[in-house]
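Report on one structure; see the data block that follows.
The shown structure was predicted, so the numbers you read here are calculated from the model rather than taken from an experiment. Here is how names work: the chains are called A, B, and so on, in the same order as the sequence lines, proteins then strands, and each is numbered from 1. Both backbone and side-chain heavy atoms feed into the values below; hydrogens, waters and symmetry mates do not.
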Amino acid sequence: FSLGSDPSLAFPDWAFKAESSPGSRQIQLWHFILELLQKEEFRHVIAWQQGEYGEFVIKDPDEVARLWGRRKCKPQMNYDKLSRALRYYYNKRILYKTKGKRFTYTFNFSKLIIANYLRSSGRTGTLLTTEPSLQPPLGILLLLLLLFLFS
DNA sequence: CTCGGAAGGG
DNA sequence: CCCTTCCGAG
């Protein structure tokens, strides 16, 4: 891959789009974060960082928490609670903390894509889903798997 | 701030 | 399962 500094430009929809069926499954936090990261209007609130690929910083923790709370209809949401949810991603290896850098985390994209793929294909019980447009080509999935294993 | 255990809800 | 809430420890 030859990737720029902005991962949102380098990764197509199937890389992180939530599974369709509107309403059925709740929005996931990692998806919401990616959603904010994708829009310029939130650049003062959360943004990609220079340096490690996939690294981002939450510039306004209170605002991100407020937006997340609004989306989930949880008015009592704050950064303390949101960050706990982010910490649960450490075990899943979807995200890790950039130690020493305040409010800074890094996405593990290969793991994220693979986890997302496994979840959606598991839902239908087959490798061929009803929504091929949101799935990575199998070859790319295998390539990512290799990149992940040797990283 | 950051970390994870514990309990609990939908 | 995927958080939300609460919280003691570092």
Side-chain angles (χ1 to χ4, degrees), chain A residues 5-8 10-39 41-136 138 140-142 144-145 147-149 151:
Chain A
S5 58
D6 184 351
S8 71
F11 280 89
D13 280 356
W14 51 254
F16 54 82
K17 265 275 163 59
E19 226 10 64
S20 50
S21 46
S24 70
R25 188 173 279 271
Q26 275 273 309
I27 173 96
Q28 253 146 293
L29 181 54
W30 63 262
H31 183 259
F32 177 76
I33 298 287
L34 249 22
E35 201 174 286
L36 293 184
L37 249 13
Q38 213 175 8
K39 301 175 180 178
E41 48 188 304
F42 295 110
R43 202 138 294 178
H44 61 290
V45 167
I46 186 171
W48 295 115
Q49 279 300 89
Q50 258 78 329
E52 194 72 24
Y53 182 71
E55 184 180 299
F56 66 94
V57 59
I58 297 173
K59 297 177 180 174
D60 188 341
D62 293 343
E63 181 61 5
V64 172
R66 198 188 62 79
L67 292 165
W68 174 234
R70 198 162 64 86
R71 175 68 68 90
K72 286 286 288 288
C73 299
K74 294 282 178 189
Q76 310 308 315
M77 183 53 58
N78 58 31
Y79 181 68
D80 180 48
K81 295 168 188 170
L82 186 150
S83 61
R84 180 69 189 94
L86 289 178
R87 265 173 257 133
Y88 271 124
Y89 286 147
Y90 297 171
N91 305 328
K92 299 179 185 173
R93 308 190 132 208
I94 278 174
L95 203 68
Y96 60 89
K97 188 76 181 70
T98 320
K99 286 167 189 168
K101 291 184 185 175
R102 229 172 157 224
F103 306 127
T104 305
Y105 302 81
T106 305
F107 273 111
N108 181 345
F109 280 105
S110 359
K111 185 70 185 182
L112 187 63
I113 293 163
I114 289 164
N116 198 30
Y117 179 86
L118 258 32
R119 175 167 350 276
S120 50
S121 62
R123 216 163 51 80
T124 57
T126 169
L127 283 175
L128 298 171
T129 88
T130 50
E131 301 244 358
S133 60
L134 289 181
Q135 296 301 318
L138 193 55
I140 290 181
L141 185 76
L142 293 172
L144 285 163
L145 183 59
L147 283 172
F148 173 68
L149 290 174
S151 67

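We find that NZ of Lys72(A) is positioned 5 Å from C1' of dC3(C), with the value rounded to whole Å. Atoms CH2 (Trp68(A)) and P (dC2(C)) sit 12 Å apart, rounded to a whole Å. A straight line from NE2 of His31(A) to C1' of dC3(C) spans 16 Å, rounded to a whole angstrom.
Lys97(A) comes within contact range of the sugar-phosphate backbone alone, with a heavy-atom separation under 4.0 Å but no base atom that close.
Partners of Tyr90(A) under the ring-ring contact (aromatic ring centres under 6.0 Å, His included) rule, at least two apart in sequence or in another chain, do not exist in this structure. Residues passing the side-chain contact (heavy atoms from CB on, under 4.5 Å) test with Glu52(A) are Glu55(A), Tyr96(A), Thr106(A), sequence neighbours excluded.
Ring to ring, Tyr79(A) and Phe103(A) are close: their centroids are under 6.0 angstrom apart.
Between Val45(A) and Glu63(A), the shortest heavy-atom distance links the atoms CG2-CG, 3.7 Å. Of all the heavy atoms in Gly54(A) and Trp48(A), the pair that sits closest is O-CZ3, 3.5 Å.
Listed by first and then second residue, the salt bridge (Lys or Arg N to Asp or Glu O under 4.0 Å) pairs involving residues 67-80 of chain A are Glu35(A)-Arg71(A) (not counting sequence neighbours).
Stem regions annotated for DNA chain C: B:1-10 with C:1-10, counting only runs of 3 or more consecutive pairs of Watson-Crick or G-U type with both contacts under 3.5 Å.
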Reading nucleotides 5-10 of chain C from the 5' end, what letters show protein touch, with B for base, S for backbone sugar-phosphate only, - for no heavy atom under 4.0 Å? BBB---
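Contacts between chain A and DNA chain B, taken as any atom within less than 4.0 angstrom of a protein heavy atom, begin and end at dC1(B) to dA7(B).
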